[in-house]
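Labels below follow one simple rule: chain letters A, B, ... track the order of the sequence lines, proteins then strands, and each chain is numbered from 1.
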Protein chains: 4
Amino acid sequence: MNRNRPKYKQIIDAAVVVIAQNGYHQAQVSKIAKQAGVADGTIYLYFKNKEDILISLFYEKMGYFVEQIEDEIKETMSAAEKLLVMIRKHFQILASDANLAIVTQLELRQSNLELRERINDVLRDYLKIVDTIILEGKESGEFLSNLDVRLTRQMIFGTIDETATTWIMNNQKYSLPELAESVHQLLLGGCGSKI
Amino acid sequence: MNRNRPKYKQIIDAAVVVIAQNGYHQAQVSKIAKQAGVADGTIYLYFKNKEDILISLFYEKMGYFVEQIEDEIKETMSAAEKLLVMIRKHFQILASDANLAIVTQLELRQSNLELRERINDVLRDYLKIVDTIILEGKESGEFLSNLDVRLTRQMIFGTIDETATTWIMNNQKYSLPELAESVHQLLLGGCGSKI
Amino acid sequence: MNRNRPKYKQIIDAAVVVIAQNGYHQAQVSKIAKQAGVADGTIYLYFKNKEDILISLFYEKMGYFVEQIEDEIKETMSAAEKLLVMIRKHFQILASDANLAIVTQLELRQSNLELRERINDVLRDYLKIVDTIILEGKESGEFLSNLDVRLTRQMIFGTIDETATTWIMNNQKYSLPELAESVHQLLLGGCGSKI
Amino acid sequence: MNRNRPKYKQIIDAAVVVIAQNGYHQAQVSKIAKQAGVADGTIYLYFKNKEDILISLFYEKMGYFVEQIEDEIKETMSAAEKLLVMIRKHFQILASDANLAIVTQLELRQSNLELRERINDVLRDYLKIVDTIILEGKESGEFLSNLDVRLTRQMIFGTIDETATTWIMNNQKYSLPELAESVHQLLLGGCGSKI
DNA sequence: CATGAATGAGATTTCATTCAT
DNA sequence: CATGAATGAAATCTCATTCAT
């Protein structure tokens with residue numbers, strides 16, 4: 001189960017392609033093996049079972065997300081700026097890999113609850129970045145000091161996620177990264193009501 | 001396929017219970033029939049196939065959602081108030097039926113894409129209410145006049161949905177309706193940043 | 001189970017139509033009831049079960065066959081002439097009722113062995129006519145005196161049946177009755193070999 | 001779907017046994033698998049579906065028929081002799097495999113029309129042999145020069161088939177091959193009428 | 001390390017027949 | 001006599017996983 005050997009990544013990449021092209025429920029292990037150019041049995045030398053492929057897929061790809069985003073925001077100053085950079089990067093990564101976008105936004109969500117809970121574990125790192133930004137904003141006075149961190153995180157993640165999902169469901173027919181600024185504005189100022 | 005005879009609703013209610021208790025993939029037709037107190041074959045006098053049960057379930061229950069919400073908001077004045085009433089009602093309905101909450105927020109999302117597209121059709125009525133509120137808010141000057149309706153709708157729906165899903169994933173261990181006001185504040189004013 | 005009441009024949013005629021149009025395996029009792037203009041349950045006031053409909057159908061229709069043929073041949077003189085009249089009448093009846101032809105030549109043969117044995121019982125009257133003609137021909141010196149009756153009957157019936165079935169399988173696109181004379185010649189003289 | 005591996009023939013032979021012993025409609029895939037000594041799923045590594053087993057069965061066995069008959073008649077001289085050899089071989093093969101006889105003469109005919117049309121395709125090779133014999137007989141002057149090839153073929157095939165079927169329906173209680181000569185005489189000379 | 005043939009559990013759906021009205 | 005809603009048994013096929021080579 002060495003995850004450094006070339007076949008490990010080979011199989012994960014094959015899974016992304018197969019799921020994106022065939023859908024979650026039509027992504028049989030044998031198809032993934034074929035796409036990866038290995039025998040069915042070989043899959044089980046690198047992954048415990050099928051679920052393990054999917055979790056690993058999410059782990060590897062989401063890890064890249066987190067890395068990329070952390071990389072970019074550490075050079076920015078304000079919380080608001082960090083939020084913008086995060087949204088933009090998130091959208092850019094999805095836009096740059098159509099298959100990955102389909103897999104993470106649509107297909108993997110058809111998995112059973114158990115798998116989705118495992119996926120949530122992986123998501124936690126991402127959500128930690130969001131929390132950090134919120135806390136920083138509250139402390140610096142950029143954001144309201146009475147923001148509920150959990151709810152705000154749910155707003156930020158829910159909005160980004162829904163925006164990305166809608167974009168996929170519309171067959172990616174418009175530019176997602178170009179929406180980053182507007183989404184950022186929305187999250188900062190909401191509907192703009194003077195409460 | 002008469003949807004007025006008592007067994008029609010009886011079977012749908014049985015489906016909600018069985019799916020909530022066993023999970024989407026363990027909700028066999030025979031279990032639903034047993035729970036409904038009818039024979040397996042009887043299901044097929046009222047529904048074309050298993051998928052039809054699930055679509056009908058969503059259609060009936062979401063129809064109730066829309067009805068209830070429309071009922072309540074027509075007596076309120078401002079767009080902001082309408083938004084609050086909508087969120088509160090949404091959360092109240094989910095909180096009042098634990099099984100329904102699990103089914104609509106978690107289980108039904110494991111269905112295949114085709115079914116999910118049918119479900120999206122049903123959702124459209126709900127999203128229309130959101131759009132109406134946004135437009136009204138823009139026109140009355142309550143909301144920013146330059147709000148992008150689609151993005152704003154995605155923020156509102158994404159936030160509500162994410163909040164509800166998180167609540168379910170945490171086993172409904174806190175009061176969802178009590179969050180309505182805070183979520184409302186968030187959606188109106190965002191992070192509160194002076195942009 | 002009174003077979004004189006109008007609904008008895010009504011149901012049998014409906015069965016012929018339904019089987020001819022939908023095929024044996026798609027001829028459900030409910031379809032036959034609908035075509036006959038009665039309720040499903042009414043079928044069981046006139047027939048013991050579905051098989052009984054099919055046997056009765058064959059019995060009634062084949063009875064008509066035998067009646068018609070006996071009627072015509074009693075006025076003819078020689079065995080050879082009788083054979084010709086029989087073949088011609090057989091082909092005429094099939095050609096005059098496309099549905100009946102399909103049902104007896106193709107569809108009813110898909111029935112299970114038990115039903116087919118019952119059908120063979122009904123066929124026996126028809127085969128008796130054939131036997132009578134053969135015996136008469138042998139006695140009168142028209143036919144070879146050493147003909148094996150059983151084998152000759154199998155040749156006559158097999159040839160007529162195969163000719164009719166081929167005609168149906170070719171969508172009745174040529175005139176079956178016009179073949180009667182040639183078939184008659186063949187049966188009388190075979191391949192014409194001087195043995 | 002490799003038809004050379006031993007399990008391919010193993011499954012087909014199992015199907016013959018199971019169908020002969022249980023009847024067409026009681027020949028479940030699981031029974032065939034058990035008889036073949038393989039798992040249910042293994043069937044589907046060699047056959048597309050259940051229908052494919054039956055078509056393949058007929059194809060393989062009828063292919064053997066045609067091969068055997070062609071082998072024998074190429075050494076005979078006259079058309080009449082060839083006809084005799086063909087009938088005799090046909091009857092011998094059926095008599096030598098009681099199960100195969102039941103399956104091809106009775107059980108497989110209960111299949112639906114679609115399957116039977118596929119079976120007819122396979123039969124075509126057999127009928128071609130018949131046609132060749134008839135043409136040869138006409139040209140050599142052994143047979144009448146004005147024989148209609150199609151009708152004569154229907155007489156020959158219809159007679160052979162009916163004779164075989166009757167033999168099966170009588171539980172193979174007499175020797176079928178011993179009838180070959182009489183059937184041959186009948187086909188050559190018909191009822192023997194001087195027309 | 002790698003292969004790929006073999007396994008076998010499990011669920012949807014149909015439709016002949018019944019029986020309360 | 002007539003109805004038609006309800007019953008419930010039964011079978012094909014898929015696919016994740018294993019293990020002998």
Side-chain angles (χ1 to χ4, degrees), chain A residues 1-2 5-7 11 25-34 36-54, chain B residues 1-2 5-8 11 25-34 36-53, chain C residues 1-2 5-7 11 25-34 36-54, chain D residues 1-2 5-8 11 25-34 36-53:
Chain A
M1 306 239 186
N2 187 333
R5 282 174 303 177
K7 282 188 185 166
I11 291 166
H25 289 289
Q26 280 306 304
Q28 293 88 350
V29 171
S30 59
K31 264 190 200 144
I32 296 173
K34 196 172 198 179
V38 300
D40 293 16
T42 305
I43 299 268
Y44 292 85
L45 298 174
Y46 294 87
F47 300 90
K48 218 169 57 236
N49 49 34
K50 187 181 178 182
E51 193 178 52
D52 190 29
I53 307 176
L54 305 177
Chain B
M1 308 241 186
N2 186 335
R5 282 175 294 177
K7 281 186 186 163
Y8 178 79
I11 292 166
H25 289 290
Q26 279 305 306
Q28 294 89 348
V29 171
S30 59
K31 268 190 198 144
I32 296 174
K34 198 172 198 175
V38 300
D40 292 18
T42 305
I43 300 269
Y44 293 87
L45 297 177
Y46 295 88
F47 301 91
K48 223 171 47 238
N49 49 35
K50 188 179 177 182
E51 193 179 53
D52 190 30
I53 307 177
Chain C
M1 305 236 189
N2 186 333
R5 283 174 303 176
K7 282 187 184 166
I11 291 167
H25 289 291
Q26 280 306 304
Q28 293 88 351
V29 171
S30 60
K31 264 191 200 144
I32 296 174
K34 195 172 199 178
V38 300
D40 293 17
T42 304
I43 299 268
Y44 291 86
L45 298 174
Y46 294 88
F47 300 91
K48 220 167 58 235
N49 50 34
K50 187 181 179 180
E51 193 179 52
D52 190 28
I53 307 176
L54 305 177
Chain D
M1 306 240 187
N2 187 334
R5 282 175 297 178
K7 282 189 184 161
Y8 179 79
I11 291 166
H25 290 290
Q26 279 307 304
Q28 294 88 349
V29 170
S30 60
K31 267 190 198 143
I32 296 174
K34 197 171 198 179
V38 300
D40 292 18
T42 305
I43 300 269
Y44 293 87
L45 297 176
Y46 295 89
F47 300 91
K48 225 174 43 240
N49 49 35
K50 188 181 176 181
E51 193 179 51
D52 190 30
I53 307 177

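- One can place CD1 of A:Ile11 at 14 Å from P of F:dA16, the figure rounded to the nearest angstrom.
- Residues meeting the side chain to side chain contact (heavy atoms under 4.5 Å, CB included) test with C:Lys31, sequence neighbours left out: C:Val18, C:Asn22, C:Gln26, C:Gln28.
- Applying the 4.0 Å criterion to OP1 and OP2 of F:dA5, one finds that B:Lys7 has every side-chain N and O outside that range.
- Not one side-chain nitrogen or oxygen of A:Lys50 sits closer than 4.0 Å to the OP1 or OP2 atom of F:dT17.
- Expressed to the nearest 0.5 Å, how far CG of B:Leu45 lies from OH of B:Tyr8 amounts to 14.0 Å.
- For D:Glu51, the side chain to side chain contact (heavy atoms under 4.5 Å, CB included) partners at least two apart in sequence or on another chain are D:Asn49, D:Ile55, D:Asn112, D:Glu114, D:Leu115.
- Phosphate proximity of E:dT3 to A:Thr42: present, with a side-chain N or O under 4.0 Å from OP1 or OP2.
- In terms of position on DNA chain F, the residue among D:Gln28 and B:Asp40 whose nearest nucleotide sits closer to the 5' end is B:Asp40.
- Contact annotation: B:Lys31 side-chain N/O to E:dA11 OP1/OP2 distance is not under 4.0 Å.
- Considering only side-chain atoms of D:Val38, the nucleotide from F:dT17, E:dA11, E:dT7 that sits closest is E:dT7.
- Residue D:Ile43 holds its CD1 atom at 4.5 Å from CD1 of D:Ile11, rounded to the nearest 0.5 Å.
- Atom C1' of F:dT21 sits at a distance of 13 Å from the matching atom of E:dC1, rounded to the whole Å.
- One atom, CD1 of C:Ile53, and another, C1' of E:dC15, lie 13 Å apart when rounded to the nearest Å.
- For F:dG8, neither phosphate oxygen OP1 nor OP2 lies less than 4.0 angstrom from any side-chain nitrogen or oxygen of B:Tyr44.
- Stretches of at least 3 consecutive Watson-Crick or G-U wobble pairs, with each checked distance under 3.5 Å, appear in DNA chain E as E:2-21 with F:2-21.
- Between A:Phe47 atom CZ and E:dA2 atom P the separation is 13 Å, expressed in whole Å.
- Distance CG (B:Leu45) to P (E:dT13): 14 Å, rounded to an integer number of Å.
- Within the nucleic acid shown, D:Val29 comes within 4.0 Å of sugar-phosphate atoms alone, with no base atom in reach, counting heavy atoms only.
- Along DNA chain E, the nucleotide nearest to C:Asn49 and the one nearest to D:Gly41 differ in position, and the one closer to the 5' end is contacted by D:Gly41.
- In this entry the distance linking CD of B:Gln26 with C1' of E:dA11 reads 10 Å, nearest Å.
- The separation between A:Ile43 atom CD1 and E:dG4 atom P is 13 Å, rounded to whole Å.
- Checking A:Leu54, A:Asp52, A:Ile32 one by one against A:Phe47, the side-chain contact (heavy atoms from CB on, under 4.5 Å) holds for a single residue, A:Asp52.
- Note on B:Lys48: every side-chain N or O is 4.0 Å or more away from OP1 and OP2 of E:dT13.
- Computed from coordinates, the C:Lys34 NZ to F:dA5 P distance equals 12 Å when rounded to whole Å.
- Between the OH atom of C:Tyr46 and the P atom of E:dA16 there is a distance of 20 Å, given to the nearest Å.
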